[in-house]
Structures are given as C-alpha cells and as structure tokens.
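Below you'll find the structure, written out as structure tokens, and then a few comments.
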Amino acid sequence: MLETRNICLEVDGGEEPLFLLNDINFCVPKGHFMAIVGPSGCGKTTLLKCIAGIMSTTSGSFIWEGRDLAEEGDFKPYEIGYVPQFSIAYDELTVDESIESSARLRVKGTEDEINDLIDSVLEETGLAEIADRQVKRLSGGQKRRLALAMELVSSPRVLLCDEVTSGLDPRSEREIVELLHKLSRKDGRIVISVTHSLAQMELYDSIMVLVRGNLAYHGSPQAMIHYFGVPHVEEVYPQLALRDPQAWGQSWLKHRSDYYRRMEQEHVEKYRLMGQTPPAPAAADDEEEEEEAPSFFTQFFTLLKRRFAILMRDKTQLVLQLAMIVVFPILVALFSSKGQEQLHSLTDQASNDIAAEVQAQQEMAETRAKVGSAQSGIIMFEVILLGLMGSNNASREIAGERLIMEKEKFAGTKTGAYLSSKLVYLAVLVLVQSLWMYLFVQYFWPLRGDTMNHLVFLLLANAAMTSVCLGISANCKTPDQASLLSIYLVGFQLPLSGAVLALPTMIETVTQPFISAYWAWSGSVQGLDNDVLKAVNSIVQTSFSAINLCHIVLGAHIVVGIILAYIGARRERWE
C-alpha cells in the first residue's frame with residue numbers, strides 16, 4: 001500500500017507562503033489504477049514528482065509498505081517506474097535497442113535472461129511487430145508504449161505516468177489507458193496516471209481530483225458525479241471554481257471515510273468479476289529480496305555502445321565531424337608551401353663588401369621574421385582549429401540529453417558510469433581528430449623540430465578544450481547556453497594567447513592560466529629547432545613557458561573539466 005500523510009509543499013509567494021500542495025492525504029492499495037486529474041496548475045505533476053522523490057516536500061510523509069520513505073530512504077530504483085512527459089528514448093535507436101539499453105542499465109541477468117525480458121516486454125506493450133523501427137518513425141501512441149516498455153523492464157511495484165495520453169487521438173488514448181489498466185492487474189502493481197482528460201474514467205479504480213494544491217476528491221469514478229453534484233463528468237472542472245480550494249479540501253475530509261469504504265468494496269468486486277483475488281497488503285515482517293543493480297562496467301559499456309550507435313546514425317552530426325576532420329587540416333596545409341620556402345632561405349651569409357653584407361643581413365632579418373611568423377601562425381592555427389573541434393565535441397554532450405540522463409540516474413544508472421562513457425567516447429574523437437591533423441599537416445609541412453612533442457601538444461590542446469566544454473555542458477541549463485559559452489571560450493583563445501599581440505603584463509598574468517591555446521602553442525614552439533625558435537622569438541613579444549609547465553597546465557585543464565563535468569552530472573536538474 002502507498003499512503004500519504006499530511007503532504008505539504010510550500011514555496012515563497014511574497015508576503016504569504018504559497019502552497020503547491022496543501023495537506024494531501026490518501027491511500028492506494030496494491031493492484032490499483034488511479035488517475036490524478038484537475039485544472040491546469042492544480043499540482044498534479046508536482047504531486048507525482050513528490051511521490052517519486054524528484055521533488056522534496058515541506059512536511060508530511062509517504063508510507064510505502066509500512067516504510068516511511070522520508071526516514072528509511074526513497075523507493076529503490078527497481079521498486080518504482082516513472083514515465084515523464086518528455087521522451088526518454090533516442091530518435092536514432094530502434095524500439096528493440098531502446099528497451100535493451102534500458103534493461104541492461106537497470107536489470108542484472110545473463111544474456112538469455114535479458115533477451116527473454118526484452119521479448120516479454122515487447123509482447124506485453126504490443127511493440128513486437130515494430131521492434132526494428134527507429135524511434136523517430138513512431139507515432140505518438142507508439143512512443144508512449146515504448147516509454148512504458150522501458151520502465152517495465154525492472155517490473156516496478158509502483159508505476160507513475162505523467163500525461164502519457166496527452167496529445168493522442170481518442171483511439172490511441174483509450175489503448176494506452178487500457179494498457180495501464182492491464183499493467184495494474186499484474187503482480188499487485190500500483191499505477192498512478194496524471195491526465196487532463198476525463199475520458200475512460202470507468203477504467204480507473206479511483207479518481208483523485210486536485211484544485212490549486214488541495215485534494216477535492218479521491219474515490220471511485222462512479223461516486224465522483226454524485227459527490228460533485230453534476231450530471232456529467234465533464235462538468236466537474238467548472239464546479240471546482242464555485243468554491244474556495246481549501247473549502248473543497250475540508251469538505252473532502254468530512255466525507256472521506258464513507259467514499260473510501262465504497263471504493264474498497266468496488267475494488268474487491270472488480271477483481272471478483274475477473275475471477276481474481278485482490279492483492280493482500282504486505283505483512284509488517286515481510287522482507288522483499290533486494291534486486292541487484294547491474295555493475296559499473298555493464299552500465300559503462302551499455303552507455304558507450306549506445307553513444308557510438310547514435311553518432312553513426314545521426315547523419316547531421318556525423319557529416320559535421322567528418323567535414324571538420326577533413327577540411328580543417330586542409331586549411332592549415334594551404335599555408336605550408338610558403339613556410340617551407342622561407343625555411344630553406346634562412347641561412348647566414350658573409351661578405352667582404354660591407355654594403356652587400358648589410359643588405360644580406362637585412363634580407364636575413366626579413367626572412368627570419370617571415371619564417372617565425374609562418375611557424376608560429378601555423379602552429380596556432382592548428383591549436384585553434386582543434387579547440388573548435390573540442391568545443392563541437394562536448395558543448396552539447398550532456399546539456400543536450402540532460403533530461404534523459406536524469407531519468408536514467410533516477411532508474412539506477414551510476415553517475416560515474418555515465419560520465420566515464422562520455423570521456424571514453426570523447427577521447428576517441430580527440431585522438432582521431434588530433435592524429436589526423438598532425439599527420440596531414442606534417443605531410444605538407446614537415447615540422448622543423450620535435451614532431452612527437454608537437455603531436456602531444458595537439459592532443460592536449462584538443463583534450464583540454466573538450467574537457468572544459470564538457471564541464472560547461474554539464475553545468476548549463478540548456479544546450480544552446482552551453483554551445484554559446486563554449487564558442488565564446490574558443491573565440492577568446494587567439495586574442496588572449498599573446499601569439500599575435502603581446503598582452504599587458506597585468507592582463508596576461510590573470511588570463512594566461514585559463515587559455516589552453518597559449519600553453520599548447522608555447523609548448524610546441526619550444527620544441528622547434530634552435531634556428532627556427534630564434535626566428536619565432538624575433539617576431540613574438542610574448543614569453544614562452546617551459547615545456548613541462550605547459551604539460552602540467554594543460555593536464556590541469558583536463559582534470560578541472562572532468563571535475564566540473566562530474567559535479568554537474570551528479571547534480572539533479574529536471575527542469
């Protein structure tokens with residue numbers, strides 16, 4: 001049994017507190033199908049989220065099978081299923097893959113057991129015939145069935161559904177309500193559905209009516225019309241406006257016991273007509289065996305496999321990745337021939353003719369300046385373009401799927417497994433992008449210096465920007481906000497690096513530690529041949545840092561980005 005006792009949710013309303021939920025009391029037995037209805041803004045979704053533990057109440061308690069959830073812990077992930085209003089499946093995956101991913105993240109079992117579970121859920125929800133269809137090709141009703149199927153893999157004792165019939169045609173709406181009714185008859189499961197619709201009320205065991213956070217009614221559908229004194233159920237909402245919300249709440253408290261007795265009798269009668277016995281309440285000393293969650297590595301590999309599958313099927317993102325990998329190195333290589341010619345002309349000359357020697361020295365200085373400019377510019381160009389790739393890699397990676405991540409965390413997915421899968425996925429992108437940039441440019445423009453040192457700094461430059469942008473993504477409210485901040489971060493890299501114009505000492509001291517492009521550029525330049533390094537020094541006023549220090553600072557950028565990403569991913573952010 002699920003019971004609520006004096007549930008209140010109070011928020012700051014200015015001069016007086018505002019109650020989103022006000023003294024809510026009700027009981028729901030096992031094997032019960034309940035609808036929560038009421039006008040918009042009455043607190044339906046808020047109450048559902050409080051039951052799930054997504055939102056915290058100001059006072060009161062939820063009792064589940066005799067256990068006070070406030071004192072003894074929330075529902076275990078396997079005890080509860082929550083179907084939110086937003087989609088919890090990726091458009092690029094198939095129905096079968098979506099259910100398989102949910103099962104492997106939530107249920108521990110052998111390969112055969114998982115496959116049998118998937119087949120069973122597909123049959124139960126009527127999705128078996130379209131198991132190979134991509135989510136983006138499903139109808140509204142099919143997507144709602146898929147959301148239910150993804151929750152049923154863990155056989156939840158309590159299933160909470162938020163507006164799962166919203167926007168559906170009448171036939172699809174009835175099919176979903178009938179499915180929910182059937183699910184409530186299996187294993188004594190409680191199904192609670194928030195809905196605006198007052199259709200199909202006869203399929204519910206009880207109806208809860210809320211008005212501005214107050215409980216106006218909770219009883220059988222048959223008694224609701226009598227209670228509100230209206231000829232048709234559609235006239236209940238207008239009737240609610242005729243009295244103060246608190247007056248409705250007080251009125252219900254007076255009549256509650258009578259209507260609860262009637263609801264219990266009707267509930268028993270429904271089961272009798274089906275030839276079944278209503279599920280018995282759990283005894284106080286009954287202890288259900290706690291189900292084991294999948295291991296960290298099972299969740300990690302499931303998430304990683306899913307992420308690569310999404311990438312390969314997301315044509316827009318895949319084309320963009322390939323375009324950057326191909327085009328960016330070509331842009332750098334366009335400047336390579338000029339740099340090579342100038343490097344060959346960088347030679348010391350001696351002459352007995354003073355005028356000729358002066359002219360030669362002047363030409364050498366000009367050549368040295370051109371060589372230094374080309375060397376410094378090409379290295380910085382590589383670093384900036386890899387920074388742009390890093391921003392594209394990670395800026396929307398968490399923010400773009402925030403709600404799905406929250407839903408999967410709610411269902412038992414470990415934050416560490418989720419973040420680790422992202423880091424490995426991004427590490428592969430960084431490796432491919434940086435290595436190809438290095439090999440392609442090196443072919444057209446052989447670096448005059450330590451080539452391995454240059455490769456390391458290209459990898460670090462990309463990894464640092466990717467990591468920091470992942471941290472930004474994890475802490476932003478929207479993907480657009482994360483993308484904008486990440487682009488700004490890349491945009492400031494060149495002017496604040498000092499590669500073009502030296503910054504004032506005071507500004508340089510403050511900004512330099514945060515500019516990854518400076519450290520990658522500085523470290524790469526320090527690895528150039530001595531003559532080439534002198535050429536760069538002849539045109540760059542910014543002082544270079546030691547190679548080891550550059551390694552340390554870029555490594556620190558990566559670590560800080562990962563820490564920020566973990567903090568952001570761990571934080572709950574449903575809205």
Side-chain angles (χ1 to χ4, degrees), residues 328-329 331-348 367-390 430-467 493-494 496-500 502-503 508 512-559:
F328 283 6
L331 293 176
V332 178
L334 290 175
F335 299 92
S336 61
S337 59
K338 185 177 180 181
Q340 287 174 327
E341 292 173 2
Q342 293 167 347
L343 279 172
H344 293 314
S345 67
L346 185 58
T347 58
D348 292 329
T367 302
R368 188 184 296 273
K370 291 179 181 179
V371 170
S373 178
Q375 292 283 328
S376 174
I378 290 176
I379 290 174
M380 178 54 76
F381 197 19
E382 288 181 284
V383 169
I384 292 297
L385 290 178
L386 286 172
L388 188 58
M389 288 184 182
V430 167
L431 183 62
V432 172
Q433 293 165 348
S434 304
L435 188 59
W436 177 244
M437 173 73 79
Y438 165 78
L439 292 173
F440 190 92
V441 175
Q442 182 71 15
Y443 177 80
F444 289 96
W445 179 68
L447 185 75
R448 290 285 301 275
D450 188 342
T451 56
M452 290 307 299
N453 176 72
H454 183 51
L455 173 59
V456 168
F457 277 111
L458 292 182
L459 286 165
L460 288 174
N462 193 347
M465 185 60 67
T466 298
S467 179
Q493 293 292 304
L494 183 59
L496 295 181
S497 67
V500 178
L503 296 169
E508 183 180 275
Q512 206 172 70
F514 305 100
I515 307 301
S516 59
Y518 163 77
W519 301 98
W521 167 74
S522 180
S524 291
V525 169
Q526 284 288 81
L528 294 172
D529 287 348
N530 190 51
D531 288 340
V532 182
L533 181 58
K534 289 180 180 178
V536 175
N537 278 322
S538 69
I539 57 97
V540 176
Q541 299 178 12
T542 299
S543 58
F544 298 107
S545 299
I547 291 178
N548 288 339
L549 179 59
C550 294
H551 286 148
I552 292 172
V553 175
L554 287 172
H557 281 213
I558 295 171
V559 171

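Keep in mind that what you see is a predicted model, and the values were worked out from it rather than measured.
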Say you draw a straight line from CG of Leu528 to NE2 of His454; how long is it, rounded to the nearest 0.5 Å?
8.5 Å

Atom of His557, atom of Ala464 and distance for their closest heavy-atom approach:
CB-CB, 3.8 Å

By side-chain contact (heavy atoms from CB on, under 4.5 Å), Val332 pairs with (sequence neighbours left out) Ile378, Phe381, Glu382, Leu385, Met437, Val441

side-chain contact (heavy atoms from CB on, under 4.5 Å) partners for Leu388, two or more places apart:
Phe328, Ile487, Val490

One should read off an interatomic distance between Gln375 CD and Ile379 CD1, to the nearest 0.5 angstrom, of 6.0 Å

Take atom CZ in Phe514; do more than 12 heavy atoms of anything else shown fall under 6.0 Å from it?
no

Please round to the nearest 0.5 Å and tell me the distance separating atom CG of Leu460 and atom CD1 of Ile552.
11.5 Å

Kindly say whether Leu533 contributes a backbone atom to a donor-acceptor pair with the side chain of Asn537 at under 3.5 angstrom?
yes

Can you list the residues that meet the salt bridge (charged side-chain N to carboxylate O under 4.0 Å, His left out) rule with Asp450, with sequence neighbours excluded?
none

Give me the atom names and distance for the closest heavy-atom approach of Ala461 to Ala520.
CB-CB, 3.5 Å

Using side-chain heavy atoms (C-beta onward) and a distance below 4.5 Å, is Met452 in contact with Leu455?
yes

Taking all atoms of both residues into account, what is the closest heavy-atom pair of Gly449 and Asp529, and its distance?
CA-OD1, 3.4 Å

Checking Ser522 side chain against Trp519 main chain: does a donor-acceptor pair fall under 3.5 Å?
no

Restricting to pairs with a member in residues 525-551, which pass ring pair (Phe, Tyr, Trp, His ring centres under 6.0 Å), not counting sequence neighbours?
Phe457-His551, Trp521-Phe544

Can you tell me how far CD of Gln433 sits from OG1 of Thr466, rounded to the nearest 0.5 angstrom?
6.5 Å

My understanding is that only residues two or more places apart in sequence, or in another chain, count here; which of them pass side-chain contact (heavy atoms from CB on, under 4.5 Å) with Ala463?
Val430, Ile558

Quick one: list whatever passes side-chain hydrogen bond (donor to acceptor under 3.5 Å, both in side chains) with Gln493, sequence neighbours left out.
Ser516

Taking the side chain as C-beta and beyond, is there a heavy-atom pair between Tyr518 and Ser545 under 4.5 Å?
yes

Decide yes or no for Tyr438 and Thr451: does some side-chain heavy atom of the first lie under 4.5 Å from some side-chain heavy atom of the second?
yes

If you round to the nearest 0.5 Å, how far is CG of Leu494 from CD1 of Ile384?
5.0 Å

For the atom pair CE (Met380) and OG (Ser497), what is the distance rounded to the nearest 0.5 Å?
3.5 Å

